There are 2 protein chains.
Amino acid sequence: MQSRPRIPEATVARLAVYLRVLSSLADGGRGTVSSGELASAAGVNPAGLRKDLSHLGPCGTRGVGYEVATLRDRIAGVLGMETAHACVLVGLGNLGSALAGYGGFGSRGFEFVGLFDASPARVGQEVGGRVVRPMEELDEVVTATRATIGVIATPAEVAQRVCDRLTSAGVRSILNFAPVALTAPAGVDVRQVDLSVELQVLAFLDKQRGPAATVLTPAGGMA
Amino acid sequence: MQSRPRIPEATVARLAVYLRVLSSLADGGRGTVSSGELASAAGVNPAGLRKDLSHLGPCGTRGVGYEVATLRDRIAGVLGMETAHACVLVGLGNLGSALAGYGGFGSRGFEFVGLFDASPARVGQEVGGRVVRPMEELDEVVTATRATIGVIATPAEVAQRVCDRLTSAGVRSILNFAPVALTAPAGVDVRQVDLSVELQVLAFLDKQRGPAATVLTPAGGMA
DNA sequence: AACCGCTTGTGAACGCAGGAACAAAGTCGC
DNA sequence: GCGACTTTGTTCCTGCGTTCACAAGCGGTT
C-alpha cells in the first residue's frame, strides 16, 4: 500500500490547493488536465505535483493526463472530505465574525455547529446565520455534535483556557488565531495562524531585498 | 558580518514570535530569560531558538541568559520594525474588515494607510477608524504614502487583477488571503494565507490519527 | 583566587522537502 | 501494425531545516 504509510504534511497542504483548482476545472467542464497545467494553476513545480500525487497511487493516464473529476474525488477522499466536519468557533470579535461568515469553509465540507463567546453582549446575536451561545454550553454542544475541530479567535489572554476547555470536551484538532503558543495534550493537533507574523516576514524580506525601495523607479519605463 | 549573509525564512517567522514573547516579558518587568524558558513560551526547541538567535550575532550572556529588553530591540531592528510600515488593504468584506480592525498590526508597526473596495456600497463607510476608498484612488494613495505592503482580501476572481494593480503602483510585498495562486513580477514577494487549507490539513490529520473519532467517547457523560 | 554549576554558541549528523533527469506506458498518426 | 510523441511515475541528487551533543564562557560561592 502506498497511500497509508504516511503523506507528508506539506503534500497534504498542497493537495488541498490542487483540489480547489480541480473543482474549478470540473465546474468549467474540463475533462482532463496535464500535470504542467495543473501545477501552473496551483503555483507549484510540475515534478513536485506529480510526486505529491504519487502518494495516493497511480491516478493518471500516461500520454493523456489526469481525469479531472476522478482526481478531484480521489483527493477529496484522501483529505477526508466525503464526510462533513463539524467545527466550533470560539471568540466572535472582528476576526471570529469574519470566519463565521466565510463561505470558503462551508463549501468544503466544514460546518460551524456552534459559535461561542464569553461576552454577554455578543451572546444571542446572529452571526453568519447562527446564534452566538455562551461559553457554558460549549461542552454540551461539542459532545452532542461530535465536533472534532475547534477554532480559536479569542484574545491571546484567554486562548489557553479556551484550548483546555475544547480539548477536555473532546475536540482533537485546533486552529488557533490567537497570537500565543498553545499547550495541548498529546493526540491533539494544533495549527497556528499568526497574521502579524506573516506581515513581519514580508517586512523583513522587503528590508533585505532593497533598502532603497523608494528610489527603485528613478526613470520608470513602465507601460 | 553574521547578520547580512542570509537569515532563513523559517527563522524570520520564529523571530517574530520571539519578539512578541519578549515584549510581553518586558512589560512584565522581567530582566533576563533563558533560552529554555523563551523556547517554551514560543513553542519551539531550545537548541533551535539559540541557533535562530545566533544569526544576529552573540546577544546573550553565558550562565545567565538573554537580557529581555536588549534582545527585543535587537530582533525588532533585524525585522525592520524600527520604522513603521505603510500598508494598503483591498477588499473589505468580512475578512477585510476584521483585518482593518485587528489591533495586532498597529501595535507592531504596521499601519493601514488606505482601505479600498470596488463595491460602491462599501466606499465611504468607516472601518477601523478609516474611510473606505474607491479602487480608482489606489494608485494615487500608494504613490503618495510610499506603501510597500499590500493585503488582498477580495474574492478569488478579482485577486489577480488587484495584485497587478498593486504591483504596478509600486507595492513590493503582498499578503494574499484569496484562495488563488497569484502571479507577480520578479522582485515582488507574495505570501499566501489560505484558511480553508489549514482546516483541511487538520481534517486529514484527524482522519489519519484515529478513524474511530466518533466512537472515542462510548459512554458519554453529557452535562 | 579557584572551583563548580549554569547557560550560551557552535559544530556535526540526521531526516525531509524540492528539483531535475530518466524510464515506462499509452495514444495518435501513418 | 508499427513508429514516434506525449505525459506520467520514479529515481537520484542537492540543499535546507531541525535536532542532538559538546566545548567555551560567565557568575556565584567558598
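Note on naming: letters A, B, ... go to the chains in the order of the sequence lines (proteins, then strands), and numbering restarts at 1 for each one. From a predicted model like this one, the values you see are computed outputs, not experimental measurements.
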Please identify each residue that fulfils side chain to side chain donor-acceptor pair (under 3.5 Å) with Tyr66(B), with sequence neighbours left out. none

How many Å lie between [atom1] on [X] and [atom2] on [N], as a whole number?
{"X": "Glu37(B)", "N": "dC6(C)", "atom1": "CD", "atom2": "P", "result": "16 Å"}
{"X": "Leu53(A)", "N": "dT7(D)", "atom1": "CG", "atom2": "P", "result": "16 Å"}
{"X": "Leu49(A)", "N": "dT8(D)", "atom1": "CG", "atom2": "C1'", "result": "11 Å"}
{"X": "Glu67(A)", "N": "dT7(D)", "atom1": "CD", "atom2": "P", "result": "16 Å"}
{"X": "Leu56(A)", "N": "dT8(D)", "atom1": "CG", "atom2": "P", "result": "14 Å"}
{"X": "His55(A)", "N": "dC16(C)", "atom1": "NE2", "atom2": "P", "result": "11 Å"}

Closer than 4.0 Å, any side-chain N/O of Ser34(B) to the OP1 or OP2 of dT7(C)? no

Check whether any side-chain heavy atom of [X] sits under 4.5 Å from a side-chain heavy atom of [Y], and report yes or no.
{"X": "Leu182(A)", "Y": "Val180(A)", "result": "yes"}
{"X": "Leu166(B)", "Y": "Ile174(B)", "result": "yes"}
{"X": "Leu38(A)", "Y": "Val21(A)", "result": "yes"}

B/S/- along nucleotides 14-26 of chain D (protein heavy atoms under 4.0 Å) is --SSBBBB--BBB

Quiz question: by atom type and distance under 3.5 Å, do the side chains of Asp189(B) and Ser173(B) form a donor-acceptor pair? no

Does atom CZ of Arg30(B) have more than 12 heavy-atom neighbours, drawn from other residues, nucleotides or ligands, at distances under 6.0 Å? yes

